[in-house]
Protein chains: 2
Amino acid sequence: MSRKPMVRPGGRSARVQASVHTAVRDILSERGRDAVTVPLVAQRAGVTPSTIYRRWGDLQELLSDVAVERLRPDTAPEDHGDLLSDLTAWAEQFLDEMSSPSGRAYIRDALLGDPDGSNAGRCSAYAAEQIDVVLARAIGREENTPDVETAMDRVVAPMMYRILFRPAGLDAAYARRLVTELLDAGEEHPLP
Amino acid sequence: MSRKPMVRPGGRSARVQASVHTAVRDILSERGRDAVTVPLVAQRAGVTPSTIYRRWGDLQELLSDVAVERLRPDTAPEDHGDLLSDLTAWAEQFLDEMSSPSGRAYIRDALLGDPDGSNAGRCSAYAAEQIDVVLARAIGREENTPDVETAMDRVVAPMMYRILFRPAGLDAAYARRLVTELLDAGEEHPLP
DNA sequence: CACCTTAAAGCACGGTTATTGCGTTTAGGT
DNA sequence: ACCTAAACGCAATAACCGTGCTTTAAGGTG
């Protein structure tokens, strides 16, 4: 019996996908979000609009797809020797990238064309993965280490909430304070 | 000298605004988000499309406007006699309302048509206001009480983050746990 | 109370976009 | 080298978005 090919990752398909993605990013950076339209993306990518509708089905799904790829961290968190330094540096960089106007726009796009929540879930998984690397290092150093869920609740969630709902008055000091409070709380219940 | 009338709140304008808002809510609940379009809303509201463009300028701004009004709490938090009960009850109700499919949709709409972030800021202000009422009661009872910012970071932000980015596995127990952890942390540094 | 000013709503139209049917190309397997 | 079907290109259609101009009526004035 023959295997069913569910998707064609090679050759023309891959070329079209890459071309469309870069076209979307270019238009976003050059003319802003409102200028991104299917015919324009298609023209810039050297593709017909119908191709985009067949592959992505919707402009918002395409934007969400591009946004998630854009928000994926391209490098592992740096190692500064201890948990406090590692988490602080990561949180500062995260807040800096995400709170920029383009960062907020990408987050909103990722949330938008996402009926089942899988794209937004992928964004959250990226952050959890990065934090997990940092925490695993700390465990290796036998430091007192919170778990990933607590770190997400105490550090990532407050930053993201403020980025989305209260974008005024966000700075690196806020990120540092969240990390400090997370680790201080852990210190009060030291492991035996 | 004469005062400049900046806006006309009475008579026809108010009638049109109410009619358009209810039309949007009806279409949202009957046919879903994708069916909401300016001509359809206009037809249902007994209004011409140009009126909507003049007043709101954009479909997303209209949706954002309706969403914010829908998310405004219509009643003060109930008084259960102590801070733990009050905050727990409020958090459970908040999570229940916001994590529903329609709640998530309204939140996304409020975030969307919102270039300057004022609508999203209003949503956050609603929650802060409700929490402030609860905390003010607790202070009146001379209970040990965290401040509003801490409560937002520890309770509201984690719930909202999970609603938006990780909608699976959310229940009242999570809300209770967040409130308990917030108040337990405060108990460790009792006021003199 | 009648008049005046002007914000707000209605009307009609042009331009652009979203969307689908059908034929052609080409990737992946036999 | 051939075959199948997945993916793409072309073209046409219907719907929507957005705007200039006209008409209505809200709120103030003499």
How close or far is atom [atom2] of [N] from atom [atom1] of [X], stated in whole angstroms?
X: A:L59; N: C:dT19; atom1: CG; atom2: P; value: 9 Å
X: B:E61; N: D:dG18; atom1: CD; atom2: P; value: 11 Å
X: B:W56; N: C:dA9; atom1: CH2; atom2: C1'; value: 12 Å
X: A:Q17; N: D:dC8; atom1: CD; atom2: C1'; value: 14 Å
X: B:Q60; N: D:dG18; atom1: CD; atom2: C1'; value: 15 Å
X: A:D58; N: C:dT20; atom1: CG; atom2: P; value: 11 Å
X: B:L40; N: D:dC16; atom1: CG; atom2: C1'; value: 12 Å

Hey, is [X] close enough to [Y] for a salt bridge, meaning N to O under 4.0 Å?
X: A:D79; Y: A:R137; result: yes
X: B:R33; Y: B:D109; result: yes
X: B:R154; Y: B:E181; result: no

Go through it in stages, so that I can follow the logic: the residues are B:N144 and B:L83, the test is side-chain contact (heavy atoms from CB on, under 4.5 Å), and I'd like the CA-CA distance, side-chain angles, deciding distance and then a yes or no. CA-CA 9 Å; B:N144 187 12; B:L83 175 58; over 6 Å; no
Determine which pairs satisfy salt bridge (Lys or Arg N to Asp or Glu O under 4.0 Å) with at least one residue from residues 159-168 of chain B, sequence neighbours left out, and list them in order.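 Found A:E149-B:R162, A:E149-B:R166, A:D153-B:R162.
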Would you say B:R55 reaches C:dA8's phosphate, i.e. side-chain N/O to OP1/OP2 under 4.0 Å? no
Of residues 41-53 of chain B, the positions that come close to DNA chain D - non-hydrogen atoms, cut-off under 4.0 Å: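 Contacts with DNA chain D under 4.0 Å: B:S50, B:Y53.
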Polar side-chain contact B:R54-D:dG20 base: donor and acceptor under 3.5 Å: yes
B:T51 vs B:T48, side chain to side chain donor-acceptor pair (under 3.5 Å): CA-CA, chis, key distance, verdict: CA-CA 6 Å; B:T51 295; B:T48 56; 3.3 Å; yes
